[in-house]
Amino acid sequence: MKPIPQGTPSRDQPSRDVVDAIVAGSPMPMGIPVLFIADQLSRGRSADQVLRGNRGLIAEYAGAEGYAYRWGQLIEVRLGRYILWRVIPVAMWGALAQHRAGSQLLIEELLTLVQPGIRPALRRHLPRDVLLTGCQGASRRSLHAPFGLLLADPDAATAVRQWLATLFLTDLLPRLLSAVEHDVAEILRIRRP
């Protein structure tokens, strides 16, 4: 994955309400995207495996709160004074449905394959008070999140929330998700049965 170029505006601007909610720190309850359940069931997982409490979607979404967008979800997890934001792309999997036809690779497996390119693509764009997390491949806790952002300095919460609501969500993330979608399509093309 190539580094993210500067200055390409996004057509997927968040609504004013969502921007205000992020800046204010007012997440809403988030549900499991039906697409994630269908992905696993259609690729041979049993309902028990999909919903298993310790590693399934129930565990991943237990108590999830965050913000919904056309591209997916930004899950907010409070860790004492610290905050973790998990990026969960959803819409791109619908866009990749034809590419994925016939593939037995789960969304979580495809994300593991493209994860190595995320760190170098985002590293130089993060504020100093934000750490990139969740890039551990298949061992990550949130299997549908290719990465997370950790607020490293609680005193910088207001500035970081403003960065998330403006530069990250409107510029950096759309370009990153576009690159991830391209990389997944390429993996699926190469691995086509």
Side-chain angles (χ1 to χ4, degrees), residues 1-2 4 8-15 17-19 21-22 27-47 49-52 55-62 64-76 85-118 121-122 134-135 137-138 140-149 164-165 168-193:
M1 190 175 302
K2 296 178 183 173
I4 300 172
T8 305
S10 167
R11 289 176 276 130
D12 191 21
Q13 303 292 322
S15 73
D17 291 342
V18 175
V19 168
I22 290 172
M28 299 295 293
M30 294 284 110
I32 300 170
V34 173
L35 185 77
F36 293 169
I37 297 169
D39 171 62
Q40 293 187 20
L41 292 174
S42 69
R43 287 174 172 76
R45 289 223 173 138
S46 69
Q49 289 172 312
V50 172
L51 301 175
R52 185 176 305 139
R55 184 87 170 136
L57 285 167
I58 296 290
E60 188 172 353
Y61 274 86
E65 292 186 322
Y67 313 92
Y69 298 93
R70 283 183 280 169
W71 57 263
Q73 301 168 327
L74 184 66
I75 304 292
E76 182 172 299
W85 292 279
R86 295 186 333 234
V87 174
I88 314 272
V90 178
M92 99 175 160
W93 300 111
L96 287 166
Q98 287 188 321
H99 293 284
R100 296 188 65 221
S103 172
Q104 288 303 303
L105 292 171
L106 296 164
I107 289 171
E108 60 197 60
E109 294 167 327
L110 289 164
L111 285 174
T112 298
L113 294 172
V114 298
Q115 246 186 347
I118 292 173
L122 279 180
C135 293
R140 64 191 182 278
R141 181 182 181 276
S142 181
L143 297 175
H144 291 88
F147 67 95
L149 301 171
L164 278 170
F168 181 72
L169 291 173
T170 62
D171 190 29
L172 297 174
L173 186 61
R175 289 184 283 131
L176 177 64
L177 292 180
S178 178
V180 167
E181 184 175 337
H182 175 269
D183 290 352
V184 168
E186 186 63 18
I187 288 167
L188 292 167
R189 186 188 66 74
I190 292 168
R191 294 182 177 214
R192 187 163 304 281

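Predicted, not measured: the structure shown is a model, and the values here were computed from it. One-based numbering along the sequence shown.
- Here CG of Leu57 is found 5.0 Å from CD of Gln40. Values are rounded to the nearest 0.5 Å.
- The structure places CD1 of Ile37 at 13.0 Å from CZ of Arg45, a figure rounded to the nearest 0.5 Å.
- Contact record, Val114 with Ile187: CG1-CD1, 3.6 Å, taken as the closest heavy-atom pair.
- Considering every non-hydrogen atom in both Val184 and Leu110, the closest pair reads CG1-CD1, 4.1 Å.
- Leu169 is not listed as a side-chain neighbour of Tyr67, based on a closest heavy-atom distance of 4.5 Å or more.
- Side chain of Gln115 to main chain of Phe147: no donor-acceptor pair is present (N/O by atom type, distance under 3.5 Å, no hydrogens or angles).
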For a quick test of your reading: what N or O donor-acceptor pairs under 3.5 Å do the side chains of residues 91-99 make, sequence neighbours left out?
residue	atom	partner	partner atom	Å
Trp93	NE1	Pro89	O	3.4

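- Looking at heavy atoms from C-beta onward, Leu74 lies in side-chain contact with Val87 at the 4.5 angstrom threshold.
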Worked verdict on Ile107 versus Leu143 for side chain to side chain contact (heavy atoms under 4.5 Å, CB included): CA-CA 8 Å; Ile107 289 171; Leu143 297 175; over 6 Å; no
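- For the atom pair CD1 of Ile32 and CD of Glu60, the computed distance is 8.0 Å after rounding to the nearest 0.5 Å.
- Taking CZ of Phe168 as the reference point, atom CG of Leu149 lies at 4.5 Å (rounded to 0.5 Å).
- A donor-acceptor pair under 3.5 Å is formed between the side chain of Arg100 and the backbone N or O of Leu105.
- Taking each heavy atom of Gly31 and Gln73 in turn, the nearest pair found is O-NE2, 3.1 Å.
- The two residues His144 and Leu111 come nearest to each other via the heavy atoms O-CD1, 3.5 Å.
- Shortest non-hydrogen contact noted between Ala165 and Thr170 is O-CG2, 4.0 Å.
- By the 4.5 Å heavy-atom criterion applied to side chains, Leu113 and Arg191 are counted as neighbours.
- When only modelled atom types and interatomic distance are considered, Gln104 and Glu109 share no side-chain donor-acceptor pair under 3.5 Å.
- Within the 4.5 Å cutoff, no side-chain heavy atoms of Glu65 are placed close to those of Met30.
- Contact record, Ile118 with Leu176: CG2-CD2, 4.3 Å, taken as the closest heavy-atom pair.
- Aromatic ring orientation, Tyr61 versus Phe36: tilted (interplanar angle from 30° to 60°).
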